[in-house]
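Here the structure comes first, spelled out in structure tokens, and everything after it is commentary.
Predicted model, so just to flag it, every value in this text is computed and none were measured.
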Amino acid sequence: MKIYAPQNASFLLPFQFDSKLLQSDFDKCKAFNFHKNYIPENYDGDNYILPLRSIDGKLNNIAAIPGNLERYKDTPALSNCNYFQEVIATFLCEKETIRLMNLAAGTQINTHIDHDSGYEDGVFRIHVPIVTNEKVCFILNEKAIQMKAGEAWYTNVNLPHSVENNGTTDRVHLVIDCVRNEWSDQLFQSMGYDFDQEQELEIVYSKAEAMQIVEELIHQNTPYAIDLAKQLKSKYKI
């Protein structure tokens, strides 16, 4: 398993967005169909994902696949969401997948790992809660994180993570996959990110973790994902 300095796993970013304007744009998006997760082992509930930016700009392309930057385009769901566009533009870098992710009340996302999706991989995932409650808990590397509406959080999803919604209302996040650049390096440095520790990081998974990653890559079923799965299967003798 990867070993991280605590400040490299997650942190609250210095942005505060208007929760009422976020809610207003979310209401506009209810006219579109939210999809089930493409990895039901992680979460099998209905009305889970709505792509706002996806490969080829398609509303049914819900997978987050790093490394396809030139193919990512905004979907029709984002076109009338002026405040979402303003929030997204706050992050002065290129973006890959952008999605609304809805976790129904009384459900949970099982512990899993998103391969090659941490800052050390050249990308970073931002969560902006839109609708939440006090009984929602994001658990990252066995540490509980409470995210409030309008905040912006970096989470290194290379680490094992899960979400529990033990409340009576749904939880909806705007989730933005960004591409690392000089601006983000300066931002992360201001937040205390340990770049020295990142350079020394050796990527090592347990066999169980590697098997889970392989399974998720196979579900993605893209040439890039299948190639990564083959490499991991060979390395860990799966």
Side-chain angles (χ1 to χ4, degrees), residues 7-30 32 34 49-55 57 59 61-62 64-103 114 116-132 136 138 140 145-158 161 163 171-195 198:
Q7 66 269 31
N8 285 13
S10 68
F11 43 80
L12 175 64
L13 290 163
F15 306 107
Q16 181 65 48
F17 300 111
D18 189 312
S19 58
K20 291 183 179 180
L21 292 178
L22 288 169
Q23 177 71 59
S24 177
D25 273 5
F26 170 55
D27 289 341
K28 297 174 186 176
C29 289
K30 292 177 182 178
F32 296 88
F34 281 64
I49 293 177
L50 177 67
L52 300 181
R53 184 172 176 82
S54 69
I55 290 180
L59 284 166
N61 279 350
I62 64 175
I65 304 172
N68 293 265
L69 182 61
E70 69 283 352
R71 292 187 60 188
Y72 277 99
K73 296 178 175 59
D74 295 346
T75 73
L78 184 60
S79 61
N80 292 323
C81 297
N82 293 332
Y83 192 62
F84 282 170
Q85 294 177 37
E86 182 179 329
V87 170
I88 293 164
T90 300
F91 302 94
L92 305 180
C93 56
E94 296 184 285
K95 287 89 180 179
E96 296 182 333
T97 308
I98 303 175
R99 302 173 288 180
L100 293 180
M101 304 188 75
N102 175 41
L103 182 63
D114 296 312
D116 282 345
S117 297
Y119 201 67
E120 68 275 11
D121 301 306
V123 294
F124 59 106
R125 179 164 295 173
I126 302 300
H127 280 256
V128 178
I130 300 171
V131 181
T132 190
V136 171
F138 191 107
L140 180 72
I145 303 171
Q146 296 289 338
M147 303 182 186
K148 298 178 182 178
E151 293 180 342
W153 283 82
Y154 164 68
T155 58
N156 192 322
V157 290
N158 278 330
H161 58 284
V163 188
R171 182 226 70 166
V172 182
H173 281 195
L174 172 62
V175 181
I176 308 169
D177 285 353
C178 299
V179 179
R180 177 176 178 168
N181 64 6
E182 183 177 351
W183 173 84
S184 65
D185 277 354
Q186 292 176 355
L187 173 64
F188 275 47
Q189 184 177 37
S190 73
M191 303 308 300
Y193 187 86
D194 189 338
F195 288 90
E198 174 195 78

Rounded to the nearest 0.5 Å, how far apart are [atom1] of [X] and [atom2] of [Y]?
X: Tyr154; Y: Cys178; atom1: OH; atom2: SG; value: 11.0 Å
X: Asn181; Y: Leu92; atom1: CG; atom2: CG; value: 8.0 Å
X: Leu52; Y: Asp74; atom1: CG; atom2: CG; value: 8.5 Å
X: Glu70; Y: Glu96; atom1: CD; atom2: CD; value: 9.5 Å
X: Phe34; Y: Leu100; atom1: CZ; atom2: CG; value: 5.0 Å
X: Cys29; Y: Ile130; atom1: SG; atom2: CD1; value: 7.5 Å

Q. Step by step, would you call Ser184 with Phe124 a side chain to side chain contact (heavy atoms under 4.5 Å, CB included)?
A. CA-CA 9 Å; Ser184 65; Phe124 59 106; 3.7 Å; yes

Q. When the ring planes of Phe15 and Phe17 are compared, do they come out parallel, tilted or perpendicular, using 30° and 60° as the limits?
A. parallel

(Q) Can a side-chain donor-acceptor contact be found between Gln189 and Asp185 if the only test is distance below 3.5 angstrom? (A) no

Q. How about Lys148: does its NZ atom have over 12 heavy atoms from other parts shown lying under 6.0 Å from it?
A. no

Q | Lys95 vs Ile176 side-chain heavy atoms within contact, under 4.5 Å | A | yes

(Q) Taking side-chain contact (heavy atoms from CB on, under 4.5 Å) as the criterion, tell me which of Ile98, Thr97, Asp177, Val179 meets it with Tyr72. (A) Thr97

Q | Donor-acceptor contact present, side-chain Arg71 to main-chain Ile55, <3.5 Å | A | no

Considering all heavy atoms of both residues, which atom of [X] and which atom of [Y] are nearest to each other, and what is their separation?
X: Ala152; Y: Ile126; result: CB-CG2, 4.2 Å
X: Met147; Y: Pro129; result: CB-CG, 3.6 Å
X: Gln146; Y: Trp153; result: O-CZ2, 3.7 Å

Q) Can you list the steps and then say if Glu120 with Asn158 is a side chain to side chain donor-acceptor pair (under 3.5 Å)? A) CA-CA 10 Å; Glu120 68 275 11; Asn158 278 330; 2.8 Å; yes

